[in-house]
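One structure below.
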2 protein chains.
Amino acid sequence: MLDRTAVAVTIPLLSVSVLRCYSQADQKRGSVVPNDKQWTAPLIAIAVDLAVFTVLAGRFVVLLVERGIEPDLGSLALPGGFLSTVDEDLTRAAMRELTEETGLDPGQVHLEQLATYGTPDRDPRQRVVTVCYLALTPTPGTPAAGGDARHADWYPVEEILAEPGQLAFDHAQILTDAVERARSKLEYTTVATSFCGAEFTMSELRRVYEIVWGRSLDARNFHRKVLAVPDFVRPTGAQTTRNGGRPAALYRPGEAWLVQIPILRARHEGARDVH
Amino acid sequence: MLDRTAVAVTIPLLSVSVLRCYSQADQKRGSVVPNDKQWTAPLIAIAVDLAVFTVLAGRFVVLLVERGIEPDLGSLALPGGFLSTVDEDLTRAAMRELTEETGLDPGQVHLEQLATYGTPDRDPRQRVVTVCYLALTPTPGTPAAGGDARHADWYPVEEILAEPGQLAFDHAQILTDAVERARSKLEYTTVATSFCGAEFTMSELRRVYEIVWGRSLDARNFHRKVLAVPDFVRPTGAQTTRNGGRPAALYRPGEAWLVQIPILRARHEGARDVH
DNA sequence: TCAAAAGTGTTGAGATTACACCCATGA
DNA sequence: TCATGGGTGTAATCTCAACACTTTTGA
């Protein structure tokens with residue numbers, strides 16, 4: 001690999017005047033002139049945004065910040081920020097934002113790329129392309145505000161989706177996509193354990209599904225279905241009575257990721273609502 | 001929305017020296033100093049790459065170009081390129097590349113975002129973040145080379161995946177992800193019709209599944225399963241004998257997108273290979 | 001008449017749901 | 001002893017893959 005510092009100087013960079021040039025629709029093409037051996041491309045600001053979910057007090061909640069700067073000052077927004085350097089890896093940036101916001105141990109969270117949003121006018125200040133990540137975590141401590149954010153807190157997903165106008169930029173769309181992804185991931189993967197602590201009972205795991213999907217599940221069938229998936233969960237051998245009633249076996253997450261037979265077949269008819 | 005030209009001048013831009021500064025690992029932070037009201041971020045080159053698939057002569061094939069410039073001159077690569085201007089929409093850029101490469105009518109193709117790849121050293125020249133798209137098309141005419149590409153052609157997916165070293169950059173990973181996405185999308189959506197022409201028979205549609213999945217399906221059960229999905233396909237009323245044997249009804253794609261009951265339940269045991 | 005492809009009917013194996021029933025604890 | 005949640009057993013139902021069988025064409 002070439003030396004970065006040496007390479008950098010061979011790359012024509014945008015000047016203010018070139019950026020102006022780009023912005024004029026009648027000069028879409030030709031605003032960057034590739035010369036013989038050099039290599040040109042418009043340079044754009046890249047952000048990383050996070051849709052962080054957890055289950056808190058029986059509700060499916062998302063981490064949002066209250067914007068402390070314009071535009072959309074005072075609106076709610078997904079936490080996020082720009083790459084800290086041109087060399088920062090995308091996933092690393094997402095992880096950095098996540099630990100900054102939640103203080104969580106990265107080993108406890110599930111983090112996956114959701115999608116990239118890059119409509120030219122999604123940020124009124126400048127062209128910003130944002131790579132969004134989905135994060136599922138066990139309930140963490142109090143989230144910390146910082147950077148552009150005045151305040152960070154957990155908000156029930158249903159309430160935010162019911163009033164999407166509260167969200168800044170195109171974050172309503174991103175949140176919708178993230179919720180859909182999270183819900184469907186529960187069906188085909190073992191990711192639900194990411195919402196639980198290190199050890200959990202069957203009913204605690206079932207609660208996760210019930211809360212995220214907003215419907216009740218048969219505790220007995222659920223129990224068998226989870227145990228039928230090889231290495232979905234591993235018994236610790238210990239028991240707990242923290243939920244009352246008969247002592248329940250404690251489990252730890254297993255190594256399995258894909259669930260062959262979905263935990264619940266999609267059927268949106270006779271499902272009773274939970275809460 | 002603010003006037004772009006006016007905004008541009010208020011944004012601190014990278015100079016060559018600032019970019020150099022970013023490249024030095026010991027100065028990761030602090031290389032951009034945010035001042036009071038202004039707003040800073042590292043600027044990065046954004047590319048759009050395409051994994052274009054079709055079914056050609058009974059094979060599942062992908063469109064690849066032979067690179068005409070360094071690095072990886074002579075290697076195969078996914079077609080793609082940089083945004084043509086800082087204001088170009090990501091999806092529009094993908095569509096532009098697609099029509100440039102295949103000459104297809106955009107109405108005929110299925111185009112969806114796959115993922116974004118941004119490992120800092122994935123391109124040895126400079127930091128490049130590439131937003132990749134998955135495209136599924138009916139068999140088009142001869143693909144056209146152009147830009148960085150010496151030559152563009154369709155290559156059987158199996159053969160390329162068997163020798164991933166032929167691919168430039170991280171395109172082997174991208175292709176793997178794209179193939180996986182394409183295969184699983186067939187199971188839960190009606191996207192397979194995107195591989196067929198405007199009108200097709202049941203066995204032609206079934207062939208798509210067989211070729212992409214690399215396994216044979218029971219023609220009779222397939223037939224019923226497709227018709228069981230509301231508005232998966234619509235009969236045109238016409239028939240054809242182009243495949244020999246008894247005349248087959250012709251269908252057009254319907255409006256349905258999601259298939260509630262997967263076309264084939266995942267079971268990778270007793271499946272016979274096709275071809 | 002035969003081969004080949006299209007399309008319908010049926011059946012047995014297996015999966016799934018709904019729920020009866022028993023277990024173990026705390027209050 | 002009772003309420004509460006944990007966990008097992010089972011029967012009716014549903015689904016699906018497998019395949020026998022009929023239909024309609026071209027050669």
Side-chain angles (χ1 to χ4, degrees), chain A residues 58 187-188 196 199-211 213 215-230 232-251 259-272 274, chain B residues 58 187-188 196 199-211 213 215-230 232-252 259-274:
Chain A
E187 190 132 22
Y188 295 104
C196 299
E199 295 192 345
F200 49 87
T201 67
M202 272 298 171
S203 63
E204 285 162 1
L205 184 60
R206 177 168 46 82
R207 277 324 208 132
V208 167
Y209 282 86
E210 293 182 327
I211 290 163
W213 283 346
R215 57 163 296 181
S216 62
L217 299 178
D218 186 288
R220 299 155 290 193
N221 293 337
F222 178 84
H223 186 270
R224 255 169 316 189
K225 211 147 187 175
V226 169
L227 290 184
V229 178
F232 189 156
V233 294
R234 291 175 184 167
T236 67
Q239 292 192 324
T240 182
T241 58
R242 63 186 175 218
N243 300 316
R246 169 176 165 181
L250 281 168
Y251 297 91
V259 175
Q260 313 296 353
I261 296 136
I263 288 305
L264 180 74
R265 199 70 91 68
R267 45 155 65 190
H268 301 286
E269 331 104 36
R272 279 168 297 164
V274 93
Chain B
E187 190 132 21
Y188 296 102
C196 299
E199 296 193 344
F200 50 86
T201 67
M202 272 299 171
S203 62
E204 286 162 359
L205 184 61
R206 178 168 45 83
R207 275 328 205 130
V208 167
Y209 283 86
E210 293 182 328
I211 290 164
W213 283 346
R215 57 162 296 181
S216 62
L217 299 177
D218 185 288
R220 301 155 288 193
N221 292 337
F222 178 84
H223 186 270
R224 254 171 316 191
K225 212 147 188 174
V226 169
L227 290 184
V229 178
F232 188 157
V233 295
R234 292 176 184 168
T236 67
Q239 292 191 323
T240 182
T241 58
R242 65 187 174 216
N243 301 318
R246 170 174 164 182
L250 282 167
Y251 297 90
R252 235 192 305 275
V259 174
Q260 314 294 356
I261 296 135
I263 289 305
L264 182 73
R265 199 70 91 69
R267 47 154 66 189
H268 299 287
E269 329 103 40
R272 281 167 298 165
D273 275 342
V274 92

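Below, chains carry the letters A, B, ... as their sequence lines are ordered, and counting in each starts from 1. Keep in mind that the numbers below use all heavy atoms, side chains included, and drop hydrogens, waters and symmetry copies.
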Q.
Side-chain N or O of B:Lys225 versus OP1/OP2 of D:dA17: is the shortest distance under 4.0 Å?
A. yes
**Q.** Atom-to-atom span, CG of B:Leu205 to P of C:dG7 - whole angstrom
**A.** 12 Å
Q.
Tell me whether the side-chain N/O atoms of B:Ser203 come closer than 4.0 Å to OP1 or OP2 in C:dA5.
A. no
Q. Between C:dT17 atom C1' and A:Arg215 atom CZ, what is the distance in whole Å?
A. 11 Å
**Q.** Rounded interatomic separation in angstrom, taking CZ from B:Arg206 and P from C:dA6
**A.** 6 Å
(Q) Just so I know, are the side chains of B:Asp218 and B:Lys225 near enough to count as touching, which here means a heavy-atom distance under 4.5 Å? (A) no
**Q.** Atom-to-atom span, CG of B:Leu227 to P of C:dA6 - whole angstrom
**A.** 13 Å
Q. Reading nucleotides 21-27 of chain C 5' to 3', which nucleotides get B (base under 4.0 Å from a protein heavy atom), which S (sugar-phosphate only), which -?
A. B-BBB--
**Q.** ring-ring contact (aromatic ring centres under 6.0 Å, His included) partners of A:Tyr251, counting only residues at least two apart
**A.** none
Q | Residues forming a salt bridge (charged side-chain N to carboxylate O under 4.0 Å, His left out) with A:Arg246, sequence neighbours excluded | A | none
Q: Measure from CZ on B:Arg224 to P on C:dT10 and round the result to the nearest Å.
A: 11 Å
Q.
Output the rounded distance in Å from CD (B:Glu204) to P (C:dA6).
A. 8 Å
Q. With a 4.5 Å heavy-atom cut-off, do B:Val233 and B:Met202 have their side chains touching?
A. yes
Q.
Does D:dG6 have its OP1 or OP2 closer than 4.0 Å to a side-chain nitrogen or oxygen of A:His223?
A. no
**Q.** Separation between CZ of A:Arg207 and CG of A:Asn243, rounded to the nearest 0.5 Å
**A.** 8.5 Å
Q: Starting from the 5' end of DNA chain D, give me the residue, A:Ala249 or B:Asn221, whose nearest nucleotide shows up first.
A: A:Ala249
Q) In whole Å, what is the span from the CG atom of A:Leu217 to the C1' atom of C:dT16? A) 14 Å
Q. Is the closest side-chain heavy-atom distance between A:Leu227 and A:Arg224 below 4.5 Å?
A. no
Q: Over all heavy atoms of both residues, which pair between B:Ala249 and B:Gln239 is shortest? Give the atoms and the distance, please.
A: CA-CG, 4.3 Å
Q. In whole Å, what is the span from the CG atom of B:Asp218 to the P atom of C:dG9?
A. 16 Å
